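Working notes for the structure below.
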Amino acid sequence: MADRYDLLLRGGTVATPAGLASIDIGVRDGRIAALGDLSRAEAAETQDCTGLHVLPGVIDSQVHFREPGGEHKEDLETGTAGAAAGGVTAIFEMPNTSPLTTSAEALQDKLDRAAGRAWVDHAFFVGGTAANAHRLAELERLPGSAGVKIFMGSSTGDLLSEDDGTIARVMANGVRRVSVHAEDEMRLRERKTMVESGAPARMHPEWRDVETAVRATKRILSLSAAARRRVHVLHVTTGEEMTILAGHKDLATVEATPQHLTFAGPDCYDRLGSRAQMNPPIRDAAQRDTLWRAIASGVVDVLGSDHAPHTLEEKAKPYPESPSGMTGVQTLVPVMLDHVAAGRLTLERLVDLTSAGPARIFGIAGKGRIVVGYDADFTIVDLKARRTITDSWIRSRSAWTPYDGVEVTGWPIATIVRGMAVMREDELLEGPRGAPVRFQECLP
Ligand code: DOR
């Protein structure tokens with residue numbers, strides 16, 4: 001009797017841990033059940049992947065979905081719909097919502113809100129502060145927790161752990177890797193007068209300068225060593241930090257974002273104004289080149305989108321009252337595939353940065369590789385498709401993208417979460433059935 005699967009992906013080029021392979025994938029009960037020549041197998045549903053590449057599901061480990069408190073910008077349904085539309089199968093969401101995600105109740109509230117409304121799998125970071133430091137060992141282990149996040153410099157919202165004493169207390173409680181926004185709040189405060197109302201947005205990287213980022217990254221590495229606790233430095237923007245971080249791979253993992261790899265000042269500020277404003281800032285082309293070198297050398301462990309939507313009305317306020325952040329969860333895959341098409345990184349390296357990398361550094365259980373027994377999460381892409389990214393394609397409630405009008409080569413064709421096709425050819429299907437991501441250190 002022929003083997004029978006719930007779903008068969010036939011004829012694609014599959015990104016396995018051993019390299020690209022022309023094999024079929026059989027899915028049963030939401031997991032990968034077989035890999036190889038499955039031409040004699042039967043299935044309830046078969047997807048022809050001829051001419052397409054099947055990647056392990058893309059995990060975006062840094063998004064801000066604004067619920068609760070900022071639903072006019074985004075919510076868990078619209079944010080995860082954007083993820084599914086963009087080929088992302090799992091997201092980790094940030095704690096700078098209102099109220100802040102700093103308690104077990106606030107974490108459970110997000111999980112409850114996501115149930116039946118999230119299109120993709122999800123986990124939520126818990127914010128680390130002076131007030132909850134003593135409870136973090138317990139909070140970081142709760143189901144659905146992605147771990148602890150700290151803001152060393154202020155950005156959107158009220159979450160801030162600016163001084164070494166507070167950060168040391170946060171680091172002293174718990175064992176999981178702590179994710180860090182590394183900008184030095186004291187230096188930001190000293191220099192804020194540079195950007196009094198009405199200054200051009202191109203001043204953003206002058207105010208939040210290289211030294212602001214470098215100081216914070218040096219401080220977090222010392223604190224990490226002292227606490228014997230590993231850290232993950234989010235959205236690194238300077239070559240100076242990459243050099244320092246390359247010397248501390250035992251302590252720190254590193255994230256880069258597609259926007260810091262794609263845009264450069266002053267051009268992006270002249271073209272996009274405050275739409276290019278984010279923290280830490282987009283810097284110049286020379287700094288962008290250093291980020292690409294860190295991608296090539298392996299210093300960078302993951303790509304996260306830092307999807308941080310604000311409405312266009314909010315963005316239209318005069319700088320610096322305009323809020324920092326741009327959408328990105330839906331454009332991560334096409335923008336990075338375009339970089340693959342341009343020869344800036346290989347497809348295998350992209351998979352390492354968006355699937356295997358997050359799984360490795362956060363200890364995700366059963367995701368990030370195409371291996372029998374793993375969750376059947378797939379990002380199916382057409383490396384040759386030429387499409388234009390437009391605001392009208394964007395599912396975020398904020399409904400804009402800094403890539404509006406940009407033509408790319410490479411496009412997500414289908415998003416499959418635990419065997420369920422949630423997107424095909426830009427249409428959302430099946431319904432929102434995302435579930436909490438599980439972590440190895442917190443399995444029951
Ligand atoms: O530009 C940013 N926006 N950087 C952050 O760290 C936060 C984010 C937001 O939440 O708007």
Side-chain angles (χ1 to χ4, degrees), residues 60-76 78-79 82 91-102 110 124-125 127-129 146 148-162 178-185 188 195 201 203-205 207-209 212-213 216-217 220 232-238 241 255-260 262-263 265 268-269 272-283 303-315 317 319-329 331-332 396-398 400-402:
D60 185 347
S61 47
Q62 193 189 175
V63 302
H64 303 263
F65 284 166
R66 310 300 191 203
E67 181 177 351
E71 289 91 340
H72 65 289
K73 303 177 200 268
E74 193 74 290
D75 66 27
L76 290 167
T78 54
I91 58 93
F92 296 177
E93 207 264 347
M94 286 295 167
N96 57 331
T97 44
S98 181
L100 300 171
T101 320
T102 48
K110 281 193 173 173
F124 299 101
F125 281 101
T129 66
V148 173
K149 154 87 182 270
I150 56 177
F151 281 90
M152 296 176 75
S154 47
S155 196
T156 302
D158 303 326
L159 205 55
L160 189 61
S161 295
E162 63 180 76
V178 176
S179 294
V180 182
H181 179 122
E183 287 187 288
D184 187 278
E185 181 66 14
L188 285 177
V195 290
M203 286 298 288
H204 201 55
W207 166 35
R208 303 180 87 108
D209 67 348
T212 300
T217 291
I220 199 64
H232 177 52
V233 186
L234 298 160
H235 39 40
V236 175
T237 56
T238 71
E241 288 168 280
E255 180 197 72
T257 78
Q259 54 273 41
H260 290 113
T262 305
F263 299 126
C268 67
Y269 297 103
L272 299 166
S274 66
R275 292 189 201 193
Q277 177 195 335
M278 69 168 293
N279 304 329
I282 311 277
R283 303 195 190 278
L303 291 172
S305 73
D306 194 11
H307 176 84
H310 299 284
T311 66
L312 287 175
E313 293 71 44
E314 291 164 337
K315 279 294 208 181
K317 289 183 189 167
Y319 179 79
E321 285 94 60
S322 45
S324 292
M326 57 184 78
T327 62
V329 70
T331 45
L332 184 153
S396 169
R397 181 152 299 136
S398 295
W400 65 276
T401 165

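Along the sequence shown, residues are numbered consecutively beginning with 1. Computed over heavy atoms, backbone and side chain alike; hydrogens, waters and symmetry mates excluded. Owing to the predicted nature of the structure, the values given are computational and were not obtained by experimental measurement. In each ligand, atom 1 is the first atom listed, and ligand 1 is the first ligand listed.
- Under a 4.0 Å heavy-atom criterion, M94 is not in contact with ligand 1.
- With hydrogens and angles disregarded, no donor-acceptor distance shorter than 3.5 Å links the side chain of K73 to the backbone of P309.
- Counted by atom type alone, H204 and N279 present one or more donor-acceptor pairs between their side chains at under 3.5 Å.
- Between the N96 side chain and the L159 main chain, no donor and acceptor come within less than 3.5 Å of each other.
- Counting heavy atoms under 4.0 Å from ligand 1, residue H310 touches it through the side chain alone.
- Residue N96 has at least one nitrogen or oxygen atom sitting less than 3.5 Å from a nitrogen or oxygen atom of ligand 1, judged on distance alone.
- Taking every heavy atom of both residues into account, I282 and G265 meet most closely at CG2-N, 4.2 Å.
- Counting atoms of ligand 1 from 1 in the listed order, those under 4.0 Å from a heavy atom of F151 are 6 (O).
- With a 4.0 Å cut-off on non-hydrogen atoms, M278 touches ligand 1 through its backbone as well as its side chain.
- Judged by distance alone, the side chain of S161 and the main-chain N or O of G128 form a donor-acceptor pair under 3.5 Å.
- Scanning the protein for heavy atoms near atom 8 (C) of ligand 1, the closest one is A308 CB, 3.6 Å.
- In R66, the part holding a heavy atom less than 4.0 Å from any atom of ligand 1 is the side chain.
- Distance alone, capped at 3.5 Å, places no donor-acceptor pair between the K149 side chain and the H181 backbone.
- Contact annotation for S155 and ligand 1: only side-chain heavy atoms (C-beta onward) come within less than 4.0 Å of the ligand.
- For atom 9 (C) of ligand 1, the closest non-hydrogen atom on the protein side is T156 OG1, 3.2 Å.
- Using the six-membered ring where Trp is involved, F65 and H307 have ring planes that are perpendicular, over 60° apart on the 30 and 60° scheme.
- Looking from atom 4 (N) of ligand 1 to the surrounding protein, the closest heavy atom is N279 O, 2.9 Å.
- Of all protein heavy atoms, the one closest to atom 3 (N) of ligand 1 is S324 O, 2.9 Å.
- Using a 4.0 angstrom heavy-atom cutoff, M326 does not count as in contact with ligand 1.
- Here the side chains of Y269 and Y319 are not in contact, with every heavy-atom distance at 4.5 Å or above.
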